[in-house]
Number of protein chains: 2
Amino acid sequence: MAKKKPVEADVSTEEKIKEAARKVFTQKGFAATRTRDIAEEAGLNLALLNYYFRSKQALFDIVMMEKLQQLFGNLYPILDEEITTLERKVEMVVHAYIDMLSSNPDLPLFVLSEIRADPERFGQRIQAGKILRDSYFVKQLRERRPDMHPIQFVMSLMGMTLFPFIGRPVLQAIGSLSAKEYQALMEERRTLIPKWVGAILKVK
Amino acid sequence: MAKKKPVEADVSTEEKIKEAARKVFTQKGFAATRTRDIAEEAGLNLALLNYYFRSKQALFDIVMMEKLQQLFGNLYPILDEEITTLERKVEMVVHAYIDMLSSNPDLPLFVLSEIRADPERFGQRIQAGKILRDSYFVKQLRERRPDMHPIQFVMSLMGMTLFPFIGRPVLQAIGSLSAKEYQALMEERRTLIPKWVGAILKVK
DNA sequence: GTCTATAACCTGATAGAC
DNA sequence: GTCTATCAGGTTATAGAC
């Protein structure tokens with residue numbers, strides 16, 4: 001009743017463009033994407049991109065901020081829970097990533113590539129400090145393993161979780177795996193990684 | 001004595017161009033690189049690129065093949081040694097990668113991005129099958145852990161080793177680390193990863 | 001708001017002098 | 001072999017009709 005237009009089952013033009021931009025930018029990156037590709041993907045005219053968003057760069061920035069949030073935004077809330085154990089946090093992080101990346105396999109390679117292409121624009125955007133300074137996770141980790149730098153642990157956890165998606169073409173070829181088989185291995189990693197990380201926490 | 005020119009301490013123009021191309025392509029990727037960038041980096045004129053190499057794409061292909069070899073070429077020889085143990089092979093792989101990536105930190109993100117951008121051109125170029133079908137490494141791994149798919153192990157090993165370089169800007173920010181501190185952590189990983197991988201091999 | 005047409009600019013590649 | 005000058009084509013962005 002409060003809507004501007006009573007019947008509006010279809011998405012707005014603006015949203016169509018954003019959705020097309022998400023797809024094309026994530027797949028090809030900023031430099032290799034032409035605004036024409038996005039317009040075509042959206043089934044719209046090129047001029048509308050500049051009507052709704054001022055420029056290719058402005059549209060990209062919007063998509064990029066979303067993707068940064070998507071890739072890193074869920075991390076802190078999980079890691080700062082006070083009641084969950086370290087092992088449970090690892091389980092939750094791995095689970096959340098494999099869920100999300102199964103529908104967005106290109107996300108990590110896209111985000112990390114674009115951060116490197118323009119570090120000062122996007123690098124700072126991650127409120128990076130707070131994850132390792134303030135979180136309950138780090139407190140627990142320091143308590144359990146005062147001998148190791150927390151980031152060493154984070155590197156390995158993220159590496160084990162994200163790398164299979166970043167290096168998928170190569171890994172899939174190395175293993176002579178079908179898409180279905182690869183997906184099954186990702187499912188298996190939900191339990192495999194927490195188990196392995198548990199072993200890492202105990203060693204020495 | 002057999003040289004065409006008696007005095008030639010300086011590098012050839014062709015090699016200057018290739019060296020500049022290595023640097024710029026690896027840093028910015030194919031799409032974001034302009035042939036003018038390469039010419040400028042080489043301290044030469046743009047026309048010379050097309051004189052020595054036919055096109056941007058042809059020059060890129062040469063660099064890309066080199067970089068593929070650099071990233072994956074040393075893997076099989078190490079993994080197919082008959083006399084070394086599984087643990088020793090892991091040590092050697094980790095050591096070789098950390099050595100090489102310390103002077104070429106952009107290499108993995110570059111190669112993996114470009115493979116994704118053009119999978120049919122470069123994907124096949126890695127004689128991928130042989131690493132996991134034929135190598136002595138896989139034989140040892142199957143023997144030790146018949147319950148797990150070898151690729152699961154490879155994913156984790158490569159992830160722990162390569163990801164710190166792929167995600168460096170983010171990880172360095174997360175940890176509030178200087179370049180020097182980051183480098184020290186990479187050195188520490190030479191022994192840390194083999195130790196952790198050893199724990200993974202034993203768990204359950 | 002949406003389109004077509006076109007401006008303004010950039011990029012890869014080449015022609016031709018030296 | 002190396003340079004300057006320039007072409008041809010493509011790309012972002014805008015003007016203006018509807």
Side-chain angles (χ1 to χ4, degrees), chain A residues 3-65 110 113-114 117-118 121-122, chain B residues 3-65 110 113-114 117-118 121-122:
Chain A
K3 279 186 185 176
K4 300 277 168 64
K5 290 185 178 178
V7 181
E8 190 171 289
D10 46 353
V11 265
S12 68
T13 298
E14 187 173 345
E15 188 52 40
K16 268 187 211 155
I17 295 172
K18 266 212 294 215
E19 188 54 34
R22 285 185 197 104
K23 180 172 173 184
V24 181
F25 276 138
T26 309
Q27 219 164 266
K28 318 215 294 179
F30 178 78
T33 295
R34 297 167 307 155
T35 51
R36 281 166 167 79
D37 299 336
I38 297 173
E40 193 184 349
E41 173 71 33
L44 293 168
N45 192 278
L46 200 165
L48 288 179
L49 297 218
N50 296 298
Y51 176 79
Y52 281 99
F53 308 88
R54 206 181 68 259
S55 65
K56 177 188 178 184
Q57 183 71 55
L59 175 54
F60 178 79
D61 285 357
I62 292 171
V63 171
M64 184 64 181
M65 292 310 156
F110 165 72
S113 292
E114 298 299 337
D118 202 342
R121 185 184 289 258
F122 305 114
Chain B
K3 276 185 185 176
K4 301 276 169 65
K5 291 185 180 180
V7 181
E8 190 172 288
D10 46 353
V11 266
S12 68
T13 299
E14 186 173 346
E15 188 51 41
K16 270 188 210 154
I17 295 173
K18 264 212 292 215
E19 188 53 34
R22 285 185 196 105
K23 181 173 173 183
V24 180
F25 277 138
T26 308
Q27 219 165 263
K28 318 215 293 179
F30 178 79
T33 295
R34 295 168 308 154
T35 51
R36 283 166 169 80
D37 298 336
I38 297 173
E40 193 184 350
E41 174 70 33
L44 293 168
N45 192 277
L46 200 165
L48 288 180
L49 298 219
N50 295 296
Y51 176 78
Y52 281 99
F53 307 88
R54 207 181 66 259
S55 65
K56 177 187 179 185
Q57 182 71 55
L59 176 54
F60 178 79
D61 285 356
I62 291 170
V63 171
M64 184 65 180
M65 292 310 156
F110 165 72
S113 292
E114 298 300 337
D118 202 342
R121 185 183 288 258
F122 305 114

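Both backbone and side-chain heavy atoms feed into the values below; hydrogens, waters and symmetry mates do not. In what follows, chains carry the letters A, B, and so on, assigned in the order in which the sequence lines appear, proteins first and then strands, with residues in each chain numbered from 1.
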Let me know the distance between [atom1] of [X] and [atom2] of [N], rounded to the nearest Å.
X: Phe60(A); N: dT11(D); atom1: CZ; atom2: P; answer: 18 Å
X: Ile17(A); N: dT2(C); atom1: CD1; atom2: C1'; answer: 10 Å
X: Arg36(B); N: dC9(C); atom1: CZ; atom2: P; answer: 15 Å
X: Lys56(A); N: dC9(C); atom1: NZ; atom2: P; answer: 18 Å
X: Gln57(A); N: dA13(D); atom1: CD; atom2: P; answer: 9 Å
X: Glu40(B); N: dC3(D); atom1: CD; atom2: P; answer: 14 Å

Quick one, which residues of residues 23-34 of chain A touch DNA chain C with a heavy atom under 4.0 Å?
->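 Hits under 4.0 Å, by residue number: none.
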For DNA chain C, the residues among residues 42-54 of chain A that have a non-hydrogen atom under 4.0 Å from it =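 The answer is Asn45(A), Ala47(A), Leu48(A), Tyr51(A), Tyr52(A).
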Are any of the side-chain nitrogens in Glu19(A) or Lys16(A) under 4.0 Å away from the carboxylate oxygens of its partner?
->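 The answer is no: the pair does not qualify as a salt bridge.
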Which is it for Ile38(A) and Lys56(A) under the side chain to side chain contact (heavy atoms under 4.5 Å, CB included) test, yes or no, and what are the steps along the way?
-> CA-CA 10 Å; Ile38(A) 297 173; Lys56(A) 177 188 178 184; 5.9 Å; no
Aromatic ring pairing Phe30(A)/Phe25(A), orientation class (parallel under 30°, perpendicular over 60°, tilted between) |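 Ring orientation of Phe30(A) relative to Phe25(A): parallel.
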Nearest 0.5 Å, what's the CG-CZ distance between Leu48(A) and Phe53(A)?
->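 One gets 10.5 Å once the value is rounded to the nearest 0.5 Å.
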Would you say Thr35(A) reaches dA13(D)'s phosphate, i.e. side-chain N/O to OP1/OP2 under 4.0 Å?
->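 For dA13(D), neither OP1 nor OP2 has a side-chain N or O of Thr35(A) closer than 4.0 Å.
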Report the C-alpha distance between Arg121(B) and Gln57(B) in whole Å, list the side-chain angles of each, state the deciding distance to 0.1 Å, and finish with yes or no for side chain to side chain contact (heavy atoms under 4.5 Å, CB included).
-> CA-CA 12 Å; Arg121(B) 185 183 288 258; Gln57(B) 182 71 55; 3.5 Å; yes
Flag yes if more than 12 heavy atoms outside Glu15(B) fall under 6.0 Å of its CD atom; otherwise flag no.
->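 Buried by this count: over 12 neighbours within 6.0 Å.
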Do other residues, nucleotides or ligands put more than 12 heavy atoms under 6.0 Å from the CD atom of Glu14(B)?
->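 Result for CD/Glu14(B): enclosed.
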Backbone N or O of Ala47(A) within a donor-acceptor pair of the Asn50(A) side chain at under 3.5 Å?
->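 Between the backbone of Ala47(A) and the side chain of Asn50(A) there is no qualifying donor-acceptor contact (under 3.5 Å).
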